[in-house]
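Take a look at the structure set out below.
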Amino acid sequence: MERSNEIGTFILRVFLGITFFVHGLAKFQGGIENTAGFFDSLGLPPFTAYVVAVIELVGGLAMVLGLGTRVVAILFAVILAVATVKVKLAAGFLGNGQMAGYELDLALIVIAIYLSLAKKSLFALDHVLFRSKEA
């Protein structure tokens, strides 16, 4: 049973990491200045676009590798919560025909929260680098 939980945690961690890595990469490839302008239009300081993009890109890679999983998962949950409130909430759970809803964001928040609370995984660099008896 323990092994299947670790495999499940591994799958969730890799999925969340890839998802955020791709979103961070897209922000840079699409022109980070455009993202900064969008953040500004939401009332957020434009520099936060750079912070979010770096967290998504570097954090996504770290999440896939299982490095700093708990801290990165918390950062992802905060990013998703702000995005949900500032952008998606008005569109509703399933969207409004012009914009996607926040159902995927909530699912990703739940995954991030789970990973922030889960024990260290056997399939993570955290487990190899920071072995402890309680892990």
Side-chain angles (χ1 to χ4, degrees):
M1 186 66 158
E2 182 70 27
R3 179 65 67 167
S4 63
N5 286 339
E6 289 185 14
I7 292 169
T9 300
F10 170 75
I11 291 168
L12 289 173
R13 194 187 78 235
V14 170
F15 170 75
L16 189 67
I18 290 171
T19 301
F20 271 90
F21 179 82
V22 169
H23 277 88
L25 188 61
K27 283 178 177 62
F28 285 110
Q29 288 178 333
I32 190 69
E33 302 81 19
N34 296 332
T35 305
F38 177 66
F39 276 46
D40 192 31
S41 75
L42 296 173
L44 298 169
F47 79 89
T48 57
Y50 296 89
V51 173
V52 167
V54 168
I55 290 171
E56 289 177 348
L57 191 67
V58 175
L61 183 59
M63 183 67 70
V64 169
L65 297 173
L67 191 58
T69 302
R70 289 182 174 145
V71 172
V72 173
I74 291 167
L75 291 172
F76 285 171
V78 169
I79 289 170
L80 286 163
V82 172
T84 300
V85 170
K86 286 295 229 174
V87 180
K88 301 276 189 95
L89 202 59
F93 186 74
L94 294 176
N96 59 12
Q98 296 176 333
M99 166 192 276
Y102 56 86
E103 74 281 0
L104 177 60
D105 300 74
L106 286 181
L108 294 173
I109 288 171
V110 169
I111 293 170
I113 291 170
Y114 172 80
L115 292 172
S116 72
L117 298 173
K119 294 189 327 185
K120 291 180 184 175
S121 172
L122 180 64
F123 305 110
L125 280 179
D126 280 343
H127 179 74
V128 175
L129 298 174
F130 308 108
R131 287 186 182 260
S132 72
K133 292 179 182 172
E134 292 183 37

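Side chains are part of it too, since the values below use all heavy atoms of this structure and drop only hydrogens, waters and symmetry mates. If you read the sequence from its start, that first residue is 1, and numbering goes on from there. Keep in mind that what you see is a predicted model, and the values were worked out from it rather than measured.
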message: Assigning hydrophobic clusters by single linkage (Ile, Leu, Val, Met, Phe, Trp, Tyr; side-chain heavy-atom cutoff under 4.5 Å), is Tyr114 placed with Phe10?
response: no
- prompt: Pairs in or reaching into residues 7-31: which pass salt bridge (Lys or Arg N to Asp or Glu O under 4.0 Å), with residues at least two apart or in two chains?
  reply: Lys27-Glu56
- prompt: Would a hydrophobic clustering, with Ile, Leu, Val, Met, Phe, Trp and Tyr connected at side-chain separations under 4.5 Å, put Leu75 with Val87?
  reply: yes
task: Work out which heavy atom in Phe38 is nearest to a heavy atom in Ser41; give both atom names and the distance.
output: O-OG, 2.6 Å
field: From CG (Leu104) to OG1 (Thr19), nearest 0.5 Å
entry: 7.5 Å
- prompt: At their closest point, which heavy atom of Ala100 faces which heavy atom of Ala91, and how far apart are they?
  reply: O-CB, 3.8 Å
- prompt: What are the two closest heavy atoms between Ile109 and Ala81, and how far apart are they?
  reply: CD1-N, 3.9 Å
message: As an exercise, state the distance from CD1 of Ile79 to NE2 of His23, rounded to the nearest 0.5 Å.
response: 11.5 Å
- prompt: Under a 4.5 Å side-chain heavy-atom rule over Ile, Leu, Val, Met, Phe, Trp and Tyr, are Ile74 and Val54 clustered together?
  reply: no
- prompt: Under 4.5 Å between any side-chain heavy atoms of Asp126 and Arg70, yes or no?
  reply: no
Within one Ile-Leu-Val-Met-Phe-Trp-Tyr cluster: Phe21 and Val52, side-chain cutoff 4.5 Å: no
query: Looking at side-chain heavy atoms only, is the closest gap between Ile11 and Phe123 below 4.5 Å?
result: no
task: Before giving the answer on side-chain contact (heavy atoms from CB on, under 4.5 Å), spell out for Thr35 and Ile32 the whole-Å C-alpha distance, their side-chain angles and the decisive distance to 0.1 Å.
output: CA-CA 5 Å; Thr35 305; Ile32 190 69; 4.2 Å; yes
message: Hydrophobic clusters here meaning ILVMFWY residues chained together by side-chain heavy-atom distances under 4.5 Å, can you tell me if Phe39 and Met99 are in one?
response: yes
statement: In short, Ala112 meets Ala73 closest at the heavy-atom pair O-CB, 3.3 Å
- line: Applied to residues 81-97, the side chain to side chain donor-acceptor pair (under 3.5 Å) test, sequence neighbours excluded, yields Lys88-Asp105
message: Quick one: does any side-chain atom of Ser116 pair with a main-chain N or O of Ile113 as donor and acceptor, under 3.5 Å?
response: yes
field: Among Leu16, Leu125, Thr69, Ile18, the one residue meeting side chain to side chain contact (heavy atoms under 4.5 Å, CB included) with Val64
entry: Ile18
- line: On a heavy-atom basis, the closest approach of Leu67 and Val72 is O-CG2, 4.2 Å
task: For residues 72-100, pull every pair meeting ring-ring contact (aromatic ring centres under 6.0 Å, His included), keeping only residues two or more places apart or in separate chains.
output: Phe20-Phe76, Phe93-Tyr102
